Each structure stands twice: as structure tokens, then as C-alpha cells.
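Because the structure is a prediction, the values reported are computed rather than measured.
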Amino acid sequence: GFEPTDVHESVEECAEGDFEEGGAPAAEGKTTVSFVLNGERYEWEIGFYGDWFNEKAIELTNDVLAQQGFEGRIHTFDDGMQGVMLFYGDAAYGEKLREIIPQPFYEMG
């Protein structure tokens, strides 16, 4: 039932040499994501890190699912290397996943 429309993503990369306060290198930029779900528009800005996935997108999507009254959430598990596994289901499904997914996989966030 989660069928967003009018989905948009734009990436604005930082200029080379940009630094955050304290001298640490800045994120590579920012990503603006927006979509419409059940007539309501959602939009947010998150850090862009090149080819690395920003897991904040999952947290924000789960917030939208909760606001909209969906029972399911996106459950995420790290594969122990550089991959992320995504599962969708209700809380009971998430609990079952945590019981059966072996180490080194672990739930993110």
C-alpha cells in the first residue's frame, strides 16, 4: 500500500576543499528527497556521501509510514561488509528477523 508519487531526488555536491567547523572534511554534499503519499508531500535534506547510502533515509521513511498509519516498517540489517539488507513488515516480522538472521548481520540504527 505504500505507493508514493511525484518522487524526486537531487544531489548538490560540495566544492572540493569545503570543510566543516573544526577542520573536518565536509560531507560530499546534500541530497534533497521528496514524494507525495496519500495527498501529503514529504521532503527532506540529508547528507550525500558519494556512493555510500545514508541510512537516515530509512529512518525518515519509517517516520512517514508511522504518520500515515502503516503497520509495516523498513527493517535494515548490515551485512558485515558494505551492503545493507532491507525488509518490510510489521513489528512481529521485525522480531522474527532478529531471531533468525545470523551474525555478523545486525540491525542498523
Trainee: Is there side-chain contact between Phe77 and Leu97, with at least one heavy-atom pair below 4.5 Å?
Mentor: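 A side-chain contact under 4.5 Å exists here.
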Trainee: When you measure from the side chain of His8 to the backbone of Val33, do you find a donor-acceptor pair of N or O atoms at a distance under 3.5 Å?
Mentor: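 No.
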Trainee: Is it the case that more than 12 heavy atoms not belonging to Glu45 sit under 6.0 Å from its CD atom?
Mentor: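 Check passes, neighbour count above 12.
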Trainee: Give the cluster check for Ile101 versus Tyr93: same hydrophobic cluster or not, with ILVMFWY residues linked at side-chain heavy-atom distances below 4.5 Å.
Mentor: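 Ile101 and Tyr93: one cluster.
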Trainee: Should we say atom CD of Glu40 is surrounded by more than 12 heavy atoms from elsewhere, each under 6.0 Å from it?
Mentor: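 Yes - once you tally the heavy atoms of other residues, nucleotides and ligands closer than 6.0 Å, there are more than 12.
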Trainee: Identify the heavy atoms of Ala91 and Arg98 that sit nearest to each other, and give their distance.
Mentor: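 Scanning both residues completely, I find the closest heavy atoms to be O-NH2, 4.4 Å.
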Trainee: For side-chain contact (heavy atoms from CB on, under 4.5 Å), just list the numbers for Phe2 and Thr61, CA-CA rounded to whole Å, side-chain angles, deciding distance to a tenth of an Å, and then say yes or no.
Mentor: CA-CA 10 Å; Phe2 180 75; Thr61 302; 4.1 Å; yes
Trainee: With heavy-atom distances below 4.5 Å as the criterion, would you say the side chains of Phe70 and Leu37 are in contact?
Mentor: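 Side chain of Phe70 against side chain of Leu37, heavy atoms only: contact under 4.5 Å found.
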Trainee: Under a 4.5 Å cut-off applied to non-hydrogen side-chain atoms, are Thr32 and Glu12 in contact?
Mentor: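 Sidechains of Glu12 and Thr32: no contact.
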Trainee: Are a donor atom and an acceptor atom from the side chains of Gln68 and Tyr42 found within less than 3.5 Å of each other?
Mentor: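 The criterion, which ignores hydrogens and geometry beyond distance, is satisfied for Tyr42 and Gln68.
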Trainee: For Asp78 and Val84, indicate whether the former's side chain and the latter's backbone hold a donor-acceptor pair under 3.5 Å.
Mentor: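 No; judged by distance alone, with no hydrogens or angles, the pair does not exist.
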Trainee: Is it the case that more than 12 heavy atoms not belonging to Gln67 sit under 6.0 Å from its CD atom?
Mentor: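 More than 12 heavy atoms, drawn from other residues, nucleotides or ligands, come within 6.0 Å of this atom.
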Trainee: Does any part of the side chain of Phe53, heavy atoms only, come nearer than 4.5 Å to the side chain of Ile58, both counted from C-beta?
Mentor: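 Heavy-atom side-chain distance check passes, below 4.5 Å.
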Trainee: Which atom pair, heavy atoms only, marks the closest approach of His75 to Gly89?
Mentor: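 His75 and Gly89 have their closest heavy atoms at NE2-O, 3.0 Å.
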Trainee: Which residues pass the side-chain contact (heavy atoms from CB on, under 4.5 Å) test with Lys56, sequence neighbours left out?
Mentor: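 Lys56 satisfies side-chain contact (heavy atoms from CB on, under 4.5 Å) with Ile46, Asn54, Glu59, Leu60 once adjacent residues are dropped.
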Trainee: Between Glu9 and Thr31, does a side-chain contact (heavy atoms from CB on, under 4.5 Å) hold up when you go through it step by step?
Mentor: CA-CA 7 Å; Glu9 176 189 31; Thr31 300; 3.4 Å; yes
Trainee: Going hydrophobic residue to hydrophobic residue with side-chain gaps under 4.5 angstrom, can you get from Trp44 over to Leu65?
Mentor: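 Yes: a chain of side-chain contacts under 4.5 Å links Trp44 to Leu65.
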